Structures are given as structure tokens and as C-alpha cells.
Amino acid sequence: MPIVVQGLSFSYSKGTPFEKKALDNVSLTINDGEFVGIMGHTGSGKSTFIQHLNGLIKVQEGSVEVNGIRLTNAKRPKPDYKKLRATLGMVFQYPEYQLFDDTVIKDVSFGPKNMGYKKEEAEAMAREALRLVGLDPDEVGAKAPFELSGGQKRRVAIAGVIVMKPKILVLDEPTAGLDPYGKEQILNLILRLKKECSPTVIVISHDMDEITRYANRLIIFGDGKVAFDVPMTELFKHGSELEELGLETPSAVRMANALKARGVDLGEGIVNMDTFTAAVLEKLRQKGEKVEDFNGIDWFGEKNKENAPLSDGVFGEGV
Amino acid sequence: MTAIKLENVYYAYEADEGEKPVNAVDGVSLEVEEGSFVAVVGHNGSGKSTLARLFNGLLLPDSGSVTVFGMDTKDEKQIYSIRSSVGMVFQNPDNQMVASVVEDDIAFGPENLGLPRDEIIRRVDRALEQVGMSEYRKSTPFRMSGGQKQRLAIAGVLAIRPKVIVLDESTAMLDPKGRREVMDVIHALNKEEKMTVIHITHYMEEVQEAERVIVMDGGKIAVDDTPRAVFARGEQLKKYKISPPAVTLMADALADCGADIARDIATEEELEDAICRLLCKD
């Protein structure tokens with residue numbers, strides 16, 4: 001079941017002199033199985049938008065529907081927030097700051113216990129969630145969260161969200177503050193979670209080069225509106241709009257455009273380093289040059305590990 | 001002149017009971033020339049933040065010595081001049097604000113130095129000018145963007161008139177626009193005012209703009225070279241969990257597949273030229 005948002009508008013401090021419109025008549029649908037990237041500069045409305053999706057912000061105008069659960073400004077019928085939040089898991093920025101319990105296993109099982117599961121059931125769910133994020137429950141379960149490295153903490157925090165097996169996973173800047181290797185690991189973890197646990201993924205990001213590699217649809221917010229919403233493969237058509245919105249064009253798109261101006265047309269659909277590299281190699285091949293097959297850039301060799309069971313050693317230090 | 005000199009420096013954080021302390025900085029010797037722009041990179045836990053804190057005596061070496069313009073950081077009598085010579089800007093802009101009005105915040109440092117009022121005003125004016133935020137002097141920092149807050153944090157450091165500014169992942173929490181703002185400010189300080197800049201970062205695009213890169217790994221200096229030379233090291237960088245910038249990765253991938261493209265390409269223009277050389281001919 002998809003997410004359907006219709007005519008959603010929202011103002012902060014409504015009815016006061018500080019009233020500020022954050023969302024202005026936003027309508028969009030996100031279908032099952034999509035990997036959506038959301039971008040927009042600070043204050044564009046993207047965070048306000050995602051906070052509507054699990055009812056953290058009450059709808060003022062318009063409607064939000066998530067897997068059949070409808071949110072409007074009507075007082076009744078009261079939406080089933082418990083069910084909503086088990087369906088749509090939300091990972092906030094720097095989620096490791098939200099760890100609070102004295103052991104990892106207690107922290108991760110907090111959600112299911114609140115949902116009414118017995119302690120043993122909740123802990124079994126927590127152990128599975130920890131395994132899914134690449135941690136060994138036997139090793140870290142009894143530890144205090146603060147004993148872990150930053151990257152481990154972030155994974156524990158993500159485990160605390162996916163423990164309910166949400167069908168939709170929303171992450172707000174999941175790689176912020178991580179080193180390049182930590183970033184690569186978290187992004188591959190998200191791909192893995194998409195495959196094994198949460199088929200629909202929505203990621204807010206500021207990193208154009210990163211989001212173009214993973215998402216297959218890009219929604220850009222500007223001034224509280226959806227400025228544009230395109231399949232990733234059509235992003236290259238929107239370079240000038242991106243710049244108007246204060247966002248950088250992906251370097252691959254910039255270079256493809258520059259080369260086109262110099263008479264080398266790499267064709268359509270270039271959005272990231274992989275599509276750019278593949279297009280250049282294809283051109284060389286057409287010219288009769290001998291080039292080898294290209295399987296995508298995977299600097300740290302993390303992508304191939306995607307399907308392998310994650311032992312604790314796979315994830316190094318993160319934050 | 002040498003701004004900062006480290007000689008065989010070791011530092012370990014206190015370990016838990018029964019555990020052996022691990023050296024966070026493990027035998028580092030290093031000289032930073034006055035007026036240079038040095039980037040420090042390395043995965044988390046590689047020792048780069050510890051290194052930064054040794055530069056101005058926030059941490060003191062277990063053994064070896066750190067000297068700042070000839071002053072030893074272990075010399076308690078010199079610590080005030082050392083701290084005024086080496087200013088630090090940290091990661092989270094919200095943690096570095098002390099006042100609710102911009103000018104008060106910038107004045108905090110010089111006030112603590114006990115400077116006369118006129119001098120404080122002059123320094124606040126100048127510092128705000130240097131980071132391009134003069135029009136905000138009466139505003140409150142709390143409603144500002146991350147980039148603006150970080151520029152204020154830099155202004156607060158500049159008001160002390162340091163000769164060296166150390167930025168410890170100061171761009172990590174900013175969006176691309178905020179990052180650009182901060183980078184522009186520190187480049188201007190380096191070029192126009194000959195300030196020594198030590199910039200710790202995970203963003204390889206920022207590293208490329210430095211004159212010199214120090215790669216930390218396991219508390220040691222793994223590589224110390226120009227950005228171009230560092231990023232051309234390919235496989236070796238993987239060991240340090242560093243990845244080159246996107247253009248270098250693309251050049252590398254093209255070369256791997258047999259295209260005649262140099263692996264040390266550092267800018268988009270260079271890669272475009274290299275591709276054009278192969279494809280533009282006819």
C-alpha cells in the first residue's frame with residue numbers, strides 16, 4: 001500500500017505574528033518498493049514533510065494516507081498511531097543521541113515492549129534486529145550503548161527502529177558525520193534492509209553524489225512545495241532548476257553537459273559516477289577501443305558483501 | 001617559520017580498569033609551516049582529533065613535545081599565549097555559542113583576555129567583517145543556519161587574533177551551502193591574512209583545496225603529501241579507509257577498464273580534458 005499525500009499545507013506558530021508556512025499544498029504518492037531520495041536546502045520543508053508521515057506533526061490542512069491509515073485534521077476517527085508507527089519506521093538525524101537504556105538489548109526491545117510484546121518476545125525481536133544491522137547480539141546485547149563506537153551506536157539506533165519490521169523506512173540524513181567508509185557501510189546497510197525488511201525506503205540527504213547512486217526517484221523541496229519530482233534517470237534534464245534551488249548538480253551531470261558542449265554526447269540518463277563511467281567506456285568501445293567490462297565503482301568492496309552474512313568484523317569503526 | 005612542531009609525540013586516553021591503554025597518537029613528528037593550509041584526514045578513531053587537541057595544549061603529550069611558535073605546551077606559564085596563538089573550531093555549531101546576541105558572543109574571548117573596551121569593539125568589528133557577517137552583529141545566533149553559526153564560531157576565534165586556526169570537522173554537520181561558506185572564509189583567511197589553517201575533514205573535495213594532506217591511521221602519520229599525490233595512491237588509501245574524490249574514482253575506474261586515462265586526475269576539468277583527448281579527435 002502506498003503513501004498518498006494530498007493538498008498538505010502546514011504553518012509553524014499558526015495564528016501568531018511568527019507564523020511561518022513550511023508546507024504549501026503538497027501532493028504526492030510514494031509506491032511500495034520505491035527508494036526515494038528527498039533533498040532541499042535547510043528550511044525547504046522536507047523535514048516537516050516527513051514528520052507528517054508518522055503523525056509526529058498533526059495535519060492542519062490536506063491529508064496523509066500511509067498503508068491505509070488516514071491522517072487529517074478531523075478529531076474523529078482517531079488514527080491508529082501505534083499501527084502507523086509500526087508500519088513506518090523513522091530514523092532521525094544522529095539517531096545515536098536517542099539511545100537511552102542501560103543495555104543495548106533493552107534499548108532495542110523498548111519499541112516492541114511498548115507495543116505489548118512480552119519481554120522474551122521483544123528481546124528475541126531485538127536480537128534479530130541487531131543481526132540485521134550487522135551486530136552480534138551475544139557480543140553487544142549486554143553492553144551499555146555508550147561503550148560502543150559511534151558507528152555501532154548508529155546501527156543500534158537503526159535496529160531500535162527496524163525491530164518492528166516497518167514496511168516503510170524513513171531516514172533523515174543517515175550518513176551525516178560519518179567518515180567515507182562509515183558512509184559506504186550505512187548506505188549498503190540501507191540497501192540490505194530494503195531487501196530484507198523494509199521494501200520502501202525514503203532518505204533525506206544533502207549529498208547529491210550519494211543520493212544519485214542509491215535512490216531511484218528524487219523529490220526536491222523548495223519553499224514548502226515539491227519543486228520537482230523525477231525518476232533518477234531524468235535528473236540530468238533539471239540541472240538549471242537544481243541550481244536555482246541552491247543545490248549542486250551531481251558532478252557526473254556537470255561533466256556530461258560540459259563534454260556535450262565540446263562535441264562528445266554521452267547520451268541520456270547520466271546521473272552518477274557509475275552511469276558516467278559506463279557511458280564513456282561505451283563511447284570508447286564504439287570507437288573501436290578495447291575496454292573491459294565495468295561493474296560499477298565499489299571502492300571499499302562493500303557492495304559485494306551486501307548478501308553475505310554480516311559478522312561483527314565487517315563493520316569497522318563508524319562515527 | 002615553523003608554527004607548530006611535534007617531536008615524537010605519544011598520547012593515550014585513560015583505559016578502563018584491567019584494559020591496556022592504546023596510544024591514540026603513536027609517535028608523531030610533524031612540522032606545520034606558518035601560513036600553510038594543511039588538511040588532516042583519516043577514518044574515525046585514527047587519531048586526528050586527538051592530534052588537533054595536542055596542537056594548543058588541550059591535551060598534553062605523554063611523551064615527546066609539542067611546541068607552538070617555540071613555546072612548549074607543557075610549560076604552564078605559556079599556555080595562555082599558546083591558546084591565543086592556536087584557535088580551535090569544533091564540529092557542532094550549537095555547542096560553541098555562549099551568548100544570545102552575536103556581538104556578545106564574539107566579544108567573549110577578548111573580554112576574557114581583559115582587553116580594554118575600545119579594543120574589544122575593534123576586534124568584534126574586524127572578526128565579523130572577516131567572516132562576512134557584519135550585518136548580523138545585533139542578531140541572535142539561534143535562528144541562523146549551520147553555516148552562519150560556524151562562521152560566527154570562527155569569528156569568535158578570530159577575535160583572539162590567533163596565528164593558527166584548527167578546524168576539527170567543522171564542516172561535518174553543515175549542508176553543502178554552509179560548507180562552501182565556511183571553506184570560502186578559511187581560504188580567504190589563509191590567502192589574504194596568511195593565517196595558518198589546519199583543517200580536519202572527511203570531505204575529500206575540501207582536502208583537494210589544501211596544499212598538504214596528512215593521512216592519519218592508527219595514531220600514526222600514514223602519508224604526508226600533496227592532495228594529488230595522496231589521491232593517486234589508489235589501493236594504499238583503502239587500507240586507511242579513505243576514498244578519493246568522485247572525479248579521481250571515475251578516472252581510476254576508467255583506467256581499470258583499460259582506458260588511457262591518468263589515475264591522478266584531481267578536477268572535473270582535467271577529467272573532461274582527458275576524455276576529450278580520447279573522444280573529441282574527429
Side-chain angles (χ1 to χ4, degrees), chain A residues 39-43 93-94 147 149-151 173 176-184 206-209 246-248 250-252 254-256 258-259 261-264 266 272-274 276-278 280-281 283-284 286-287 289-301 316-319, chain B residues 16 41-46 48 91-92 144-148 169 172-180 201-205 234-235 237-238 240-261 267-269 271-276 278-282:
Chain A
M39 298 188 83
H41 58 81
T42 315
Q93 263 185 61
Y94 296 92
E147 285 180 72
S149 76
E173 290 198 55
L178 296 173
D179 62 22
Y181 186 54
K183 273 186 187 177
E184 201 70 17
H206 278 310
D207 188 334
M208 187 59 90
D209 285 324
L247 296 169
E248 255 182 67
S251 53
R254 257 198 318 263
M255 286 193 293
L259 283 168
R262 292 168 75 169
V264 182
L266 295 175
N272 56 28
M273 345 190 250
D274 285 341
F276 180 86
T277 308
V280 172
L281 289 169
K283 276 271 162 195
L284 287 169
Q286 282 168 16
K287 263 195 86 186
E289 306 246 357
K290 270 217 175 98
V291 289
E292 283 167 47
D293 286 342
F294 171 65
N295 297 316
I297 292 171
D298 184 18
W299 181 252
F300 290 115
E317 291 290 303
V319 172
Chain B
D16 286 340
V41 298
H43 60 87
N44 290 308
S46 61
K48 54 195 193 316
Q91 190 181 78
N92 190 339
M144 291 182 177
S145 72
Q148 288 174 322
E169 290 191 41
M173 294 177 89
L174 307 181
D175 64 13
K177 189 164 161 276
R179 259 174 23 224
R180 195 61 260 162
T201 183
H202 288 316
Y203 290 105
M204 297 307 145
E205 288 72 16
E235 289 298 312
L237 292 179
K238 286 181 197 171
Y240 313 130
K241 294 187 187 152
I242 303 276
S243 77
V247 275
T248 314
L249 282 176
M250 286 185 258
D252 205 58
L254 288 167
D256 276 348
C257 289
D260 179 20
I261 283 182
T267 66
E268 288 178 15
E269 291 72 32
L271 185 54
E272 284 158 29
D273 288 344
I275 292 169
C276 207
L278 298 176
L279 292 169
C280 284
K281 280 172 207 158
D282 30 77

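What you see is a predicted model; the values in this text were computed from it and never measured. First the proteins, then the strands, lettered A, B, ... as listed; each starts at 1.
Contact annotation for B:Asp273: both backbone and side-chain heavy atoms come within less than 4.5 Å of a heavy atom of chain A. Of the atoms belonging to B:Ser243, heavy atoms from both backbone and side chain fall under 4.5 Å from chain A. Neither the backbone nor the side chain of B:Asp260 has a heavy atom closer than 4.5 Å to any heavy atom of chain A. Residue contact with chain A, scored on non-hydrogen atoms closer than 4.5 Å, involves the side chain of B:Val247 exclusively. The contact between A:Phe276 and chain B is made entirely by side chain atoms (from C-beta outward), counting heavy-atom distances below 4.5 Å. Of the atoms belonging to B:Ile242, it is backbone heavy atoms, and not side-chain ones, that fall under 4.5 Å from chain A. Neither the backbone nor the side chain of A:Asp207 has a heavy atom closer than 4.5 Å to any heavy atom of chain B.
A distance-only check finds no donor-acceptor pair linking the side chain of B:Asp175 to the backbone of A:His206 [under 3.5 Å]. Remark: the backbone N or O of B:Gly42 is paired with a side-chain donor or acceptor of B:Lys48 at under 3.5 angstrom. Proximity of a side-chain donor or acceptor of B:Asp252 to a complementary backbone N or O of B:Gly234 within less than 3.5 Å is not detected.
Annotation: side chain of A:Phe300 is in contact with side chain of A:Glu184 (closest heavy-atom distance under 4.5 Å). Between A:His41 and B:Lys177, the closest side-chain pair of non-hydrogen atoms is not below 4.5 Å. Contact of the A:Ile297 side chain with the B:Met250 side chain is registered, since non-hydrogen atoms from C-beta on lie closer than 4.5 Å.
Pairing each heavy atom of B:Leu279 with each of A:Lys287, the nearest pair is CD2-CD, 3.7 Å.
Most heavy-atom pairs under 4.5 Å with chain B, from the set A:Gly263, A:Ala278, A:Pro180: that is A:Pro180. Looking only at heavy-atom pairs under 4.5 Å with chain B, the residue among A:Asn272, A:Leu247, A:Asp209, A:Val264 that has the most is A:Val264.
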